[in-house]
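This report refers to the structure that appears directly beneath it.
Just so you know, these numbers come straight off a predicted model, no measurement behind them. Quick note on labels: first sequence line is chain A, next is B, and so on, each numbered from 1.
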Amino acid sequence: MSKKVRVRFAPSPTGGLHLGGVRTVLYNYLFARQQGGDFVLRIEDTDQSRYVPGAEEYIYECLQWCRLQPDESPQAGGPYAPYRQSERKALYRQYAEFLVQEGKAYYAFDRPEELESMRERFKTAENPSPQYDHKVRQQMRNSCALTFEETERLLADNVPHVIRIRMPENETVTFTDMIRGEVSFNTSLVDDKVLLKADGMPTYHLAVVVDDYLMKITHAFRGEEWLPSSPVHILLWKYLGWEKEMPQWAHLPLILKPDGNGKLSKRDGDRLGFPVFAMNWTTKKEDGSEELTKGFREMGFLPEAFINMLAMLGWNDGTDQELFTLDELIEKFSIDRVHKGGAKFDFEKAKWFNHEWIKRSDAAYLRPDVKRIFQEQGIQVNDDALLERVIALVKERCTLLTDFVEQSKFFFQTPQQWDLAAIQPKWNEAKQAFFTEVISYLQQQNNWVAADLEQGFKELAAAKQIKPGDVLLPLRIMLVGGKFGPGVFDIAGILGKEETVNRIKKVLEQLQK
RNA sequence: GCCGCGUUCGUCUAAGGGCUAGGACACCACCCUUUCACGGUGGUGAUACGGGUUCGAAUCCCGUACGCGGUACCA
């Protein structure tokens, strides 16, 4: 019987949740659900200087919107609480001290200026960014270079210090990544990373290992940017004596900007006009002003589409299927089908997913969102049943939820402006007369059904020797204001007799002027 | 610079030694539609380069190029 699967998503609360972050959540979630495991949310807030108020709440809301709720989190609690690293601060020091005792780590008293000057001193054209590693270790102010007594004295005097891992020389660290296969590194080329900061907080490197161990994480998914520091983490698992419990690693490919190359950033979204964050995020700037970054949710995406699109960015099930529900994804997801290479984000394709999801969602499901969007636009909708009929009629031409406004507001508001330029050039007495008769025909109708209206309208046109094509567009413009919308008789059907007649009359008056 | 990871149509990807390299988005054309969309049919379009191994390579090996990531008391 193997261990129960436990995975975690460990964001740092520093701002809006990025596409790539949501995809990492998704893969974690899918894997956990499929394996009958637990999905935990751990907040990595060890850098107090980067703490951003509201960012943590934002993360909860994103996960809720995406339906990717964690089983354990700071909010929900759980058997391994606390789940916020700042609240676990006291716990990390002992492990770092243990490593010092074991000779696997050491105290370093170097001040920022000293680090800076070391980097300046060793900087050459061939080595533009010197590392704090075995080559310089003995020349720095740390417990490797100082005598035992000196070190003890500095410690006793509470001189600020960090604890660094002592990377061995010339060893090869190898591990099997679930996505990339065997990966190996030479330890001589990795620096002595800080494990415990001067303020007593752990760095990511220590915290991720300690917490993954304590929280019994079995599979660790993270972005590819972590691959280079993975040897540090592997060694830590080993030095701490936990090698047998080490999770299996999976380094996910990056999501790249659509033009050029490089990691997709918030800037790219602003620049190219698409969202990068899951939901709206407001950045408070230093001068007190606020900057809003649009999110997928507010831009009119359905969470199903957002998730579906993200799942396909780097994964597929081997068939031609592209549309998946969350449940299908849970069933079919597999780590070995995740791509190794990064994927450029394509907003057009993202919109296509949303369009597909809007088409396959039923009107009742869409109604609350659409109603809210209408209200935000100042359009009151009181009749839910009517709204649903309208949604069903226009949804196939809406790519974003916000498109419902343009596509259907004329059902709830009489147009105030008409594209008369599209009718006037070919307008004449015969048409004027025809529409006058149309009005009286419509007024006589007791059974107000789109198909009947269409038939009656066409018969009337035939009787007047008018081609339906010559009067259909004018009718459309009279009813909706422009050259858009669903079938014109479907519109009349929903508008009802009175409103339909009024709209025709109104435009007829305009045309007579 | 060094280390690591990548590289199939413009984009997302399929094909894990063997048909004319398949699908989707986007684009173009046509059909349907007396608006727009939906739907349908067709089209343009890719294995980065060079060497091996093999009867046979997108696929395995080596090299080159290019890209990305890392090289912080950030995560």
Please give me the minimum heavy-atom distance between A:R180 and A:H251, naming the atom from each residue.
NH2-O, 2.9 Å
Side chain of A:E396 only, please: which of B:A75, B:C73, B:A37 is the nearest?
B:A37
Determine the interatomic distance between P on B:A29 and the same-named atom on B:U11; round to the nearest Å.
23 Å
Would you mind telling me which of B:U71, B:C74, B:A14 lies closest to the side-chain atoms of A:D47?
B:C74
What interatomic distance, in whole Å, is found between P of B:A65 and the corresponding atom of B:G22?
33 Å
Run the side chain to side chain contact (heavy atoms under 4.5 Å, CB included) test against A:K332 and tell me which residues pass, sequence neighbours left out.
A:W315, A:D317, A:Q321, A:F324
Sticking with atom C1', work out how far B:U8 lies from B:G67, rounded to a whole angstrom.
16 Å
So does A:D346 pair up with A:K349, basic N to acidic O under 4.0 Å?
no
Of the listed nucleotides (B:U13, B:A75, B:C25), which one gets closest to any side-chain atom of A:N316?
B:U13
Less than 4.0 angstrom from a charged side-chain N to a carboxylate O is my criterion; do A:E356 and A:R360 meet it?
no
From B:U11, B:A24, B:U35, pick the nucleotide closest to the side chain of A:L473?
B:U35
When you get a sec, tell me which of B:C12, B:C25, B:A75 is the closest nucleotide to the side chain of A:T203?
B:A75
Rounded distance in Å between the C1' positions of B:C49 and B:C31:
44 Å
Could you tell me how far B:G23 sits from B:A46 if I compare only their P atoms? Round to whole Å.
14 Å
Counting the atoms with a prime plus P, OP1 and OP2 as sugar-phosphate, which does A:F185 contact under 4.0 Å by heavy atoms, base, sugar-phosphate, or nothing?
sugar-phosphate
How many Å lie between CG on A:D419 and P on B:U35, as a whole number?
15 Å
Minimum-distance nucleotide to A:P128 side chain [options: B:C73, B:A75, B:G1]:
B:G1
Select from A:G181 and A:L189 the residue whose nearest nucleotide in RNA chain B is closer to the 5' end of that strand.
A:L189
From the options B:G1, B:A14, B:U13, select the nucleotide whose nearest atom is closest to the side chain of A:R337.
B:A14
For atom P, what is the distance between B:C61 and B:U44, given to the nearest Å?
34 Å
Side-chain donor/acceptor of A:K349 to base of B:A24, under 3.5 Å:
yes
Kindly point out which of B:A14, B:U71, B:C73 is positioned nearest to the side chain of A:R119?
B:C73
Looking only at B:A72, B:C5, B:G69, the nucleotide nearest the A:D191 side chain is B:A72
Whole angstroms only, please: what is the CG-P distance between A:D490 and B:C38?
17 Å
Can you tell me, in whole Å, how much space there is between the P of B:G52 and that of B:C19?
23 Å
B:G39 versus B:G51 - spacing of their P atoms, nearest Å:
46 Å
Please confirm whether the shortest side-chain N or O distance from A:K197 to OP1 or OP2 of B:C74 is below 4.0 Å.
yes
If you measure from the Lys or Arg side-chain nitrogens to the Asp or Glu carboxylate oxygens, is any gap between A:E56 and A:R84 under 4.0 Å?
yes
Parallel, tilted or perpendicular: rings of A:F296 and A:F301 (30°, 60°):
perpendicular
Any strand is fair game: report the nucleotide pairing with B:C32 by Watson-Crick or G-U wobble, both distances under 3.5 Å, or none.
none
Selection from B:U34, B:A75, B:U35 that lies nearest to any side-chain heavy atom of A:S12
B:A75
